[in-house]
Amino acid sequence: MLLATAGVKAGRVRAWRESLNPPAPDVPDAAFVVTRLVLVTMAVVLTVTGVRVLAVGDGAGSGATTNRPVSWSRL
């Protein structure tokens, strides 16, 4: 979902924004670049975190099969 949001064209956002609030000042192109970078970074971080959490849940290298508590510092 974050990657789909990051892929929206700037012209489409500007047109939608102008239809909601015509007297609003224009948004600079740099704002769209920064927003895209933030959204893509969030998608990558959440994907990596999800994979790590699933690996811990499966017991891959976490010692979960020996009924020891999971060490969250190893994530």
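Just so you know, these numbers use all the heavy atoms, side chains as well, and skip hydrogens, waters and symmetry mates. What you see is a predicted model, and the numbers here were worked out from it, not measured in a lab.
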message: Once salt bridge (charged side-chain N to carboxylate O under 4.0 Å, His left out) is applied, what residue pairs with a partner in residues 15-24 remain, sequence neighbours excluded?
response: none
Using residues 19-36 as the side-chain source, report each donor-acceptor pair under 3.5 Å to any protein atom, sequence neighbours left out, with the distance given to one decimal.
unit_1, atom_1, unit_2, atom_2, d
Ser19, OG, Trp16, O, 2.6
Asp26, OD1, Arg14, NE, 3.3
Asp29, OD1, Arg14, NH1, 3.4
Asp29, OD1, Arg14, NH2, 2.6
Thr35, OG1, Ala31, O, 2.7
Arg36, NE, Ala6, O, 2.9
Arg36, NH2, Val8, O, 2.8

query: Out of curiosity, does Leu39 fall in the hydrophobic cluster containing Val44 (side-chain heavy atoms, cut-off under 4.5 Å, transitive links)?
result: no
- request: Would you mind reporting whether Val40 and Leu3 have side-chain heavy atoms less than 4.5 Å apart?
  value: yes
